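Everything quoted here is computed from the prediction, not taken from an experiment. Each chain gets a letter, A, B and so on, in the order the sequences are listed, and its residues count up from 1.
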Amino acid sequence: MGALRKPRFSMKIAVKYLAQLKKAAGMGIEDVAVDPGCSVANLVRGLAANDDGTLRPLLLDPQGRPHASLLIFVGDEQVRAAEDRFLREGDVVTLLTPMAGG
Amino acid sequence: MARPVPLSDAERSQYAWQLAVEGLGEEGQARLKGATVLVSRVGGVGGTVAMHLAAAGVGRLILAHAGDLRADDLNRQTLMSHPRIGISRARQAAERLQDLNPRVEVVAVEDNVSELNIAMLVEQTDVIASCAPLFQERLLLNRAAVARRMPLVDCAMFELEGQLTTVLPGKTACLACLYPTEPTAWNRRFPVLGAVAATIGCLGALEIIKIISGLDEPLDNQMLLCDLRHLAFRKVNVGRDRACPVCGEVR
Ligand SMILES: [Zn+2]
């Protein structure tokens, strides 16, 4: 998580991946250290930057912004990437790409 | 919502086990009888939705699904039958439901919901069950539902996970509030087990029965996330996007 980690001042949060993201990440949950003042959008960009390339297209649009269809929850509350919501120590962030299926 | 239609004695007897369910009763059952539900696709999810709506006595079901049955549909599409591979899925589903409950009317539309037929399909519909494998179709249904202030229940799945949400236009987030653009990287064929499709389908049917009958409250600005690998169910809160191009203006 190089780009996200500032060991001296970092906060610990957890990221839960659901559905396609879970498959792409190869795990359901991971602990992540972020800078205090890290926004939800920055977290998403950081996760994409640290990935080997499988998560990125699911997380970011071609312009490098969090994908408009990415569903983000902090705890049980939906947060839109554009909201500039700042993360707090211990937050659990759930990321979900919408499913269809039939 | 459609007007309740009084029950016959034969119907009272057929639905006896559920008439005693708290919150349903004869009044709720009469509402089910008077209602029409459009089910978009009758595959693993939608077929299960349709089956439980037919069994519960929803008066009229419109099943929209193009194409003929293939062998690889049969791991989840349980309204179909193996000897009828190559035969219309909508027709098979309608016939099966008519066998299950001849008291309900089942209309088979051998076509998927599209710009060409949506106006006609939603014309006489009270609630939409959104169960298509493509987002384009779901977002089209969502626009029609919001335009007509019609409830829509969206049922989805991936592998051993499912999600369910209910759109009550003007009150809850619509699908475009949740994903304003079509999600990228969604493959038409995705991994799934039939039992997962059926679980989500049953939950969707229950949600529709609640909406029509008034049996209890449907999801209200919430999404149900089902992790069936670990049997964990979780409700998260979603919200309307005031800038939503579809429902932003709807009060
Ligand atoms: Zn909306």
task = Measure B/Asp241 against the heavy atoms of chain A and call it side chain, backbone, both or neither at under 4.5 Å.
result = both
request  = Determine the option with the most heavy-atom pairs under 4.5 angstrom with chain A, choosing from B/Gly47, B/Ala173, B/Cys155, B/Cys177.
outcome  = B/Cys177
message = Do B/Leu225 and A/Leu96 make a side-chain contact, defined as non-hydrogen atoms from C-beta onward lying under 4.5 Å apart?
response = yes
Options A/Ser69, A/Gly75, A/Ala68, A/Gly28, ranked by heavy-atom pairs under 4.5 Å with chain B, top entry = A/Ser69
query = For A/Phe73, which residues count as a ring-ring contact (aromatic ring centres under 6.0 Å, His included) partner, sequence neighbours excluded?
reply = none
message = Could you report the tightest heavy-atom contact between B/Tyr179 and A/Pro98, atom names first, then the distance?
response = CD2-CG, 3.4 Å
query = Which answer fits B/Glu182, side chain, backbone, both or neither, if we ask what part of it has an atom under 4.5 Å from a heavy atom of chain A?
reply = backbone
ask   = Is the number of heavy atoms from other residues, nucleotides or ligands within 6.0 Å of CD (A/Glu83) greater than 12?
value = yes
note = With sequence neighbours left out, the residues meeting side-chain hydrogen bond (donor to acceptor under 3.5 Å, both in side chains) with B/Thr172 are none
remark   = Looking only at B/Leu160, B/Asn237, B/Val238, B/Val45, most heavy-atom pairs under 4.5 Å shared with chain A are made by B/Asn237
ask   = Which pair of non-hydrogen atoms, one from A/Ala100 and one from B/Ala132, has the smallest distance, and what is that distance?
value = CB-O, 3.8 Å
query = Got more than 12 heavy atoms from elsewhere within 6.0 Å of CD, A/Glu89?
reply = yes
key: Interface moiety of B/Val192 toward chain A, non-hydrogen atoms closer than 4.5 Å   = neither
ask   = Do B/Glu159 and A/Lys22 have side-chain heavy atoms sitting under 4.5 Å apart?
value = no
message = Under 4.5 Å from any heavy atom of chain B, what part of A/Leu18 do you find: side chain, backbone, both or neither?
response = both
message = Quick test of your reading: applying salt bridge (Lys or Arg N to Asp or Glu O under 4.0 Å), list the pairs with at least one residue in residues 58-74 of chain A, sequence neighbours left out, ordered by first then second residue.
response = A/Asp61-A/Arg65
request  = Please say whether more than 12 non-hydrogen atoms of neighbouring residues, nucleotides or ligands are located less than 6.0 Å from CZ in A/Arg85.
outcome  = yes
query = Side chains of A/Gln78 and B/Leu178: closer than 4.5 Å at any heavy-atom pair?
reply = yes
message = With a 6.0 Å cut-off (strictly less than), is the heavy-atom count around NZ of B/Lys210, excluding the residue itself, greater than 12?
response = yes
Residue selection (most heavy-atom pairs with chain A, distance under 4.5 Å) from B/Gly239, B/Gly43, B/Ala197, B/Ser40 = B/Gly239
remark   = Among residues 112-121 of chain B, those lying within the under-4.5 Å heavy-atom range of chain A are none
task = Determine the minimum heavy-atom distance between B/Ala156 and A/Met99, stating which atoms define it.
result = CB-O, 3.1 Å
key: B/Arg84 CZ: over 12 foreign heavy atoms closer than 6.0 Å   = yes
